[in-house]
Amino acid sequence: AKVFYMNRWISLLALLFVCVSASAKETIRFGVFAYMGMEKTRAKYRPLVDYLNTKLDNRVVLEVLTQEEMDEKIANKQLDIATTNPTHFLVIRHRYALSGALATLISVSEEGKPTSRLGGVIIVRPESAIYTLEDIKGKTIEAPSLKHMGGFRAQAYELHKNGIHIPEQSKKIIESRSSHQDVVHDVLMRKADVGFIRDGILEEMIAHGEIKADDVRVINEQHGVNHPFRVSTQLYPEWPVFALPHTNESDTKKIVAALFSLPPTSDEMIRGGIYGYTLPADYLKVEELSSQLRLPP
């Protein structure tokens with residue numbers, strides 16, 4: 001009898017250990033840079049996380065963060081996977097010796113045209129006397145943040161290639177610390193002469209009736225680039241998804257499989273601008289930009 005009860009206790013302890021181990025692995029924390037502001041970014045990525053949870057047993061938790069918050073959580077091993085703009089990804093990859101991107105985002109236009117590239121847009125008011133990159137010298141510029149890839153760095157590099165060092169040759173650079181949409185509204189309200197925003201924002205605002213197509217004018221517009229959005233700069237790879245070094249390898253494989261099998265048929269996801277994910281892009285262009293502008297890393 002003693003042997004029977006001893007075996008039973010051993011079995012119960014083993015079961016308890018398995019349950020505790022399973023619960024310890026239960027949560028996969030997915031960090032997303034809040035480039036559109038907290039609420040709009042959350043609304044964009046909520047359907048993706050809901051989809052991932054159908055593949056990973058409701059274990060994925062969405063965390064929408066500033067870049068500073070994301071850096072802190074990564075340092076404290078409080079995130080498992082993350083997605084952010086390409087220049088921020090390079091900094092994180094350098095600090096934490098990541099193996100690389102797992103996948104690259106495919107965004108989608110209001111007309112349903114997909115793309116895995118992004119660019120920056122330079123806008124002014126229609127009546128502005130600014131027509132060329134050279135005309136931007138000495139003007140007040142507004143951007144969501146100097147850390148935004150499509151909202152500042154792509155434009156800064158385009159100006160740099162044309163011999164214009166914008167931090168020194170502009171009158172003032174305003175960091176709105178808010179959304180790209182707020183930058184557009186501030187330009188229209190004459191709080192800035194020039195606005196830097198990422199591609200796709202104008203098209204979204206026009207489609208939603210926030211502005212009219214002729215409310216702003218695009219400077220240095222690139223033509224013939226086979227891209228569904230208006231852009232003022234060269235194109236760069238879209239946002240990468242990456243896993244942190246401590247992330248369980250089995251979970252990472254499941255996430256990759258789920259991202260690649262994401263069907264481009266979810267109306268809610270497409271309305272948010274997510275068409276799917278593709279094989280990791282080559283981020284060499286982003287490294288060149290960072291090197292030329294002497295940005296971290």
Side-chain angles (χ1 to χ4, degrees), residues 32-51 62 64 83-86 103-126 142-144 148-152 154-155 176 178-189 194-241 259 262-278 281:
V32 178
F33 168 42
Y35 81 103
M36 301 172 72
M38 292 295 175
E39 292 311 311
K40 286 192 175 182
T41 305
R42 191 180 308 279
K44 175 172 181 169
Y45 278 89
R46 182 76 261 170
L48 175 64
V49 170
D50 289 343
Y51 162 77
L62 175 63
V64 179
T83 186
T84 186
N85 72 42
T104 292
L105 173 67
I106 304 174
S107 57
V108 62
S109 70
E110 293 289 336
E111 293 77 30
K113 296 179 180 177
T115 180
S116 58
R117 299 181 296 171
L118 67 87
V121 186
I122 303 172
I123 60 166
V124 297
R125 292 180 296 278
E142 183 171 334
H148 276 61
M149 174 68 189
F152 180 77
Q155 294 89 332
S176 70
S178 58
S179 68
H180 297 259
Q181 289 86 346
D182 286 342
V183 172
V184 176
H185 289 304
D186 284 352
V187 169
L188 294 179
M189 293 172 66
V194 182
F196 288 177
I197 59 174
R198 73 155 281 168
D199 64 342
I201 299 297
L202 284 183
E203 288 81 0
E204 177 190 315
M205 293 179 75
I206 292 166
H208 294 173
E210 293 182 57
I211 61 170
K212 296 177 182 176
D214 57 358
D215 281 345
V216 297
R217 182 157 45 81
V218 174
I219 300 299
N220 198 52
E221 185 165 3
Q222 305 296 297
H223 299 284
V225 291
N226 191 26
H227 192 61
F229 307 117
R230 301 177 73 182
V231 289
S232 303
T233 71
Q234 73 177 71
L235 298 174
Y236 301 89
E238 259 287 8
W239 283 27
V241 173
L259 290 174
L262 174 63
T265 53
S266 167
D267 290 341
E268 190 178 9
M269 223 176 293
I270 287 174
R271 279 197 300 273
I274 297 176
Y275 187 84
Y277 283 84
T278 187

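Note that this is a predicted model, so its numbers are computed, not measured.
Taking each heavy atom of Leu188 and Val216 in turn, the nearest pair found is CD2-CG1, 3.7 Å. Minimum interatomic distance between Pro86 and Pro237 (heavy atoms only, all atoms of both residues): CG-O, 3.3 Å. Ala143 approaches Gly151 most closely through the heavy-atom pair CB-O, 3.2 Å. Smallest separation of non-hydrogen atoms from Ala154 and Tyr236: CB-CE1, 3.9 Å. Across all their heavy atoms, Ser232 and Ile219 have their closest contact at OG-O, 2.7 Å.
At distances below 3.5 Å, at least one donor-acceptor pair connects side-chain atoms of Thr83 with backbone N or O atoms of Pro240. A donor-acceptor pair under 3.5 Å is formed between the side chain of Thr233 and the backbone N or O of Gly120. Glu110 places no side-chain N or O within donor-acceptor distance of the main-chain N or O of Met205, the cut-off being under 3.5 Å. The closest donor-acceptor contact from the side chain of His180 to the backbone of Ile197 lies at 3.5 Å or more, if one exists at all. A donor-acceptor pair under 3.5 Å is formed between the side chain of Thr41 and the backbone N or O of Met36. At least one donor-acceptor pair under 3.5 Å links the side chain of Ser107 to the backbone N or O of Thr115. Put simply, the side chain of Gln155 gets close to the backbone of Val121: a donor and an acceptor are under 3.5 Å apart.
Taken to the nearest 0.5 Å, the OG1 atom of Thr278 stands 11.5 Å off from the CG atom of Leu262. Separating the CG atom in Leu118 from the CG atom in Leu105 is a distance of 9.0 Å, to the nearest 0.5 Å. Distance check, rounded to the nearest 0.5 Å: OG of Ser109 to OH of Tyr275 gives 10.5 Å. Atom CG of Leu259 sits about 10.5 Å away from atom CD1 of Ile106, to the nearest 0.5 Å. Atom OH of Tyr35 is separated from atom CG of Asn85 by 10.5 Å, given to the nearest 0.5 angstrom. Remark: Ser176 OG to His185 NE2 distance equals 11.5 Å, nearest 0.5 Å.
Trp239 and Phe33 have parallel rings, their planes meeting at less than 30° on a 0 to 90° scale where 60° marks the start of perpendicular.
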Quiz item: Leu202 and Ile211: side-chain contact (heavy atoms from CB on, under 4.5 Å), yes or no, with the steps?
Solution: CA-CA 8 Å; Leu202 284 183; Ile211 61 170; 3.9 Å; yes
Self-check item: Worked check of side-chain contact (heavy atoms from CB on, under 4.5 Å) between Phe196 and Ile122
Solution: CA-CA 5 Å; Phe196 288 177; Ile122 303 172; 3.9 Å; yes
Quiz prompt | side-chain contact (heavy atoms from CB on, under 4.5 Å) between Tyr51 and Ile274, worked out | solution = CA-CA 12 Å; Tyr51 162 77; Ile274 297 176; over 6 Å; no
Self-check item: Stepwise side-chain contact (heavy atoms from CB on, under 4.5 Å) test for Glu204 and Gln181
Solution: CA-CA 9 Å; Glu204 177 190 315; Gln181 289 86 346; 3.4 Å; yes
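Within a 6.0 Å sphere centred on CG of Asp214, heavy atoms belonging to other residues, nucleotides or ligands number more than 12.
Evaluated for a side chain to side chain donor-acceptor pair (under 3.5 Å) with Arg230, the options Gln222, Glu221, His223 yield exactly one hit, Glu221.
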